[in-house]
Amino acid sequence: MIVIALAMAQLSMASNLSFLNDSVVSKFKKQDLQLLMASVDKVLDSPEPRASGNWSNAKTGNSGEVVVTGQFTATDGHACKNVNVLNRTATMQGKADYILCQVPGRGWLLNPQARPAPGDAPASR
């Protein structure tokens, strides 16, 4: 399982990243994070090139969308996907793009430095 939401929440504790304290994810409850992560996992594991998923929590009113916007094979040979994540609370909305690469034995990991291997241009969706 990847840890986008958890990493964001933990990073907000760092003094130089205190701006994340006002991010949408920082307002999420544990169940919101679990629903978000389940949606991200499902989209990443889907064979569909334009996989997408939604989540919502009736208890908190929070929700989000996860969409694969492209995929490529990185220079290190790992399969990577560009993923757009939109999260909402009643008063906030936040959108971010991530590059996640599938690493054998470790699952999908954030890798913002991943670049397509020569001859493998990213497939935009």
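All values derive from a computational prediction rather than experimental measurement.
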Steps toward side-chain contact (heavy atoms from CB on, under 4.5 Å) verdict (Arg88, Gln93) = CA-CA 4 Å; Arg88 295 180 212 89; Gln93 178 171 300; 3.8 Å; yes

Separation between [atom1] of [X] and [atom2] of [Y], rounded to the nearest 0.5 Å:
X	Y	atom1	atom2	result
Glu65	Asn54	CD	CG	5.0 Å
Thr69	Asn84	OG1	CG	6.5 Å
Ile99	His78	CD1	NE2	14.5 Å
Cys101	Gln113	SG	CD	10.0 Å
Leu100	Leu110	CG	CG	5.0 Å
Trp55	Gln31	CH2	CD	9.5 Å

task = Verify side-chain contact (heavy atoms from CB on, under 4.5 Å) between Val83 and Val66, making sure each step is shown before the conclusion.
result = CA-CA 7 Å; Val83 178; Val66 181; 3.5 Å; yes

Heavy-atom closest contact (Val43 atom, Gly53 atom, distance) =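 Shortest heavy-atom separation between Val43 and Gly53 comes out as CG2-N, 3.5 Å.
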
ask   = Of the non-hydrogen atoms in Gln71 and Pro49, which two are nearest, and what is the gap between them?
value = NE2-CB, 3.8 Å

Can you tell if the side chain of [X] reaches within under 4.5 Å of the side chain of [Y], non-hydrogen atoms only?
X	Y	value
Thr60	Thr89	no
Asn87	Phe28	yes
Val25	Leu33	yes
Trp108	Asp41	no
Val85	Leu36	yes

message = Would a single hydrophobic cluster contain both Val68 and Tyr98, if residues Ile, Leu, Val, Met, Phe, Trp and Tyr are joined by side-chain heavy-atom contacts under 4.5 Å?
response =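 Yes: a chain of side-chain contacts under 4.5 Å links Tyr98 to Val68.
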
query = Judged by modelled atom types alone, do Thr75 and Arg115 share a side-chain donor-acceptor pair under 3.5 Å?
reply =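 Distance-only check fails for Thr75 and Arg115.
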
